[in-house]
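Source: prediction; values computed, not measured. Any value given below was found using the heavy atoms of this structure, including those in side chains, with hydrogens, waters and symmetry copies removed. All chains are named by letter (A, B, ...) in the order of the sequence lines, taking the proteins before the strands, and each is independently numbered beginning at 1.
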Number of protein chains: 2
Amino acid sequence: MNDDVVWPDDLFADLDRTGPVPLYFQISNRLEAAIRDGRIPAGSRLETEIGIGQRLGLSRPTVRRAIQELVGKGLLVRRRGVGTQVVHGQVTRQVELTSLYEDLQSSQHEPGTTVLAHEVVPAPEKVAESLGVDPGTDVLFVRRRRSSDGVPVAIMENYLPSAYADITTDQLESRGLYQILRARGVTIRVAKQRIGARREERDEADLLEVDKGSPVLTMERVAYDATGRAVEFGQHCYRPDTYTFETTLIAK
Amino acid sequence: MNDDVVWPDDLFADLDRTGPVPLYFQISNRLEAAIRDGRIPAGSRLETEIGIGQRLGLSRPTVRRAIQELVGKGLLVRRRGVGTQVVHGQVTRQVELTSLYEDLQSSQHEPGTTVLAHEVVPAPEKVAESLGVDPGTDVLFVRRRRSSDGVPVAIMENYLPSAYADITTDQLESRGLYQILRARGVTIRVAKQRIGARREERDEADLLEVDKGSPVLTMERVAYDATGRAVEFGQHCYRPDTYTFETTLIAK
DNA sequence: TAGTGGTCTAGACCACCTG
DNA sequence: AGGTGGTCTAGACCACTAC
C-alpha cells in the first residue's frame, strides 16, 4: 500500500553534506517549510523513515531526528504501527523566548522607547530574592515606556545585577534589553513569568494614556542565563487593548 | 582531571532492562529526581556521556538521550568541549497543558464547579471559525463558575462540536473538561491561547464577587487533538487576586 | 502476517574548548 | 594535545497496528 505523499522532487535537492549545517536540520527545515506553505497538505501521510532515508541516502536515525523535530513543534503526529501524518488544519508557531521589543519588531510595527528612570538603587527585598542577591545590594533599575506606532503599549520596570550598570540610556532607547544583553555575550535561556491583571496605579494611567482606574495586564519575569544565574527581574504592565500574550502549548 | 560529581552509588541501581520502561527514561527520571532534591548539587559537572555509558553498560546514544531530555527541561546545560553542568540555583518546572481544574487540584485546594448554562446552540461566527465548522452549526455551549475553597476564581465559557453534546451536567460538576474528554479517548495535544485583561462585564462582577468595573484576567483558548482537529474553544475570565498564569519558557 | 515507529547498540569523524 | 559534546552510520530487536 502506498498512498503516501510524493513531495516535490526538488524538496531535498542540494543537501549540503559538507557545510556546518546538520543534515537533520536541513531536512526538518525544508519539511517544515513545505508543510507550512501547503506543498505537503494537512492530514497527508509521510513516507516511512526508512524509505526517506533510502531515497536521500541517509541513515534512519538522521531522518528520524529530523521528523522528531517537527513532532516537537506540533506539525507531525506519529503512531506506532501506522505512520507519520501531517496535523490537520492547524499549523501553529512555537512559543519563543523574546522580549517585547522583538515582538513588536517582528509584527512590523515601529517600536519606540522612552527611558523614564535609569539609576543604581539598593535592591528591594522582592528584587533581591528574585536575583539571588542580598537585600540592599546595588542593582541597576530601569523604567521604560514602550510604544508602537506612537501608541503606548507598556511600562516596563527592570532590575539587573550591578555588573550591568554601564548600560547606557542610548542603548536602552534604541534596542531591546535582551538584544543589549546578547551583545554582551549573555544569552537568556530560561524565564519564569507570571501574568495577571490589576487596576492601573500611580502614574500609569497618564503614561499609558488610559482612564484612571482602568485595568492593566501585568507580567513579572525572572530571566536566567545558560548556567541558571538570574540576569533580570522585570515588573511590566501593559495596556490591554494594545497587547495580549499569545502562547502555543504542546503536550509532552 | 576528574572533579566530576560521584553520585550516590544506588542512583542507577535496579535498572529494568526487560520491562516496558525505556532505559533512557529510567535514567533521566532518576537524574531529574537527584537534581531536584539536591543529591546532585546545582552547578556541579556531570560525568561524560561515554563515562556514564561505561559504568552502566549502556551505549552512548542511550545515555545521550537521557541527558538531552533534561537539557530540554532546562535542568542541564551542555557546552561542546566543556561538559555537562547542572543549572545554577533555579530549578524550574515544565509548562504543562492542563485545565484549570487540574491546576487547582494539584495545588491542594478544593475545586468547586457551578454549571450556569449547558445547552446546544448555533455557533457564533467567532466560535465557528475557531472550531472549523460553518457558522450556525449546532455546538455544545457550557458556562461554568469555578471556585477554590469557596472563593470564586473564574467564569468559563466553552464551545464544543455537537459530537460531545451528550456530556452531562453531572460530569461537568465533578470533573475537569479535559478529564471528561480524555475518558472519551480524546487527548488534547496542542492549545493556542491568548491572555489579556479587561473590565468586568454583564453579570461577571456578581458571579466573581468583585466590585462593578473591576479588572478581570481573560484567556481565550482553542484546543486541538492529536491529529490537529479543533476540540474546544473557550473564553474564560479570572478574578485576578485569586488566579495568575505562571509559565516557564525555555529557549531552543 | 507485513509494516510501522520505539528503542538500543557499537562504532566513527568532527568542531570546539581548555590546558 | 587531549577531551568534550554534536553529528552520523548501519545495523538490530521489539511492540503495536492494520489487513
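The separation between B:Ile50 atom CD1 and D:dG5 atom P is 8 Å, rounded to whole Å.
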Please list each protein N or O that sits under 3.5 Å from an N or O in nucleotides 15-17 of chain D, with the distance.
residue: D:dA15; atom: O4'; partner: A:Arg80; partner atom: NH1; Å: 3.4

Anything under 3.5 Å between a protein N or O and an N or O of nucleotides 9-11 of chain C, put it in a table, one pair a line.
residue: C:dT9; atom: OP2; partner: B:Ser59; partner atom: N; Å: 3.1
residue: C:dT9; atom: OP2; partner: B:Ser59; partner atom: OG; Å: 2.7
residue: C:dT9; atom: OP2; partner: B:Thr62; partner atom: OG1; Å: 2.5

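If you check the side chains of A:Gln68 and A:Tyr24, you find no donor sitting under 3.5 Å from an acceptor. Checked by atom type, the side-chain pair B:Thr168/B:Asp166 shows no donor-acceptor distance below 3.5 Å.
Within a 6.0 Å radius of CD in A:Glu129, no more than 12 heavy atoms belonging to other residues, nucleotides or ligands are found.
The side chain of B:Thr84 places no N or O atom within less than 4.0 Å of a non-bridging phosphate oxygen (OP1 or OP2) of D:dT4. Between B:Arg78 and D:dT4 there is no side-chain N or O to OP1 or OP2 distance below 4.0 Å. Between A:Arg65 and the phosphate of D:dC8, there is no side-chain N or O to OP1/OP2 separation shorter than 4.0 Å. Between A:Arg64 and C:dG5 there is no side-chain N or O to OP1 or OP2 distance below 4.0 Å. A:Tyr24 has a side-chain polar atom (N or O) that falls below the 4.0 Å cut-off from OP1 or OP2 of D:dT7.
Going from atom CD of A:Glu232 over to atom CG of A:Leu177 covers 5.5 Å, rounded to the nearest 0.5 Å.
Partners of A:Arg194 by side-chain hydrogen bond (donor to acceptor under 3.5 Å, both in side chains), not counting sequence neighbours, listed by chain and number: B:Glu246.
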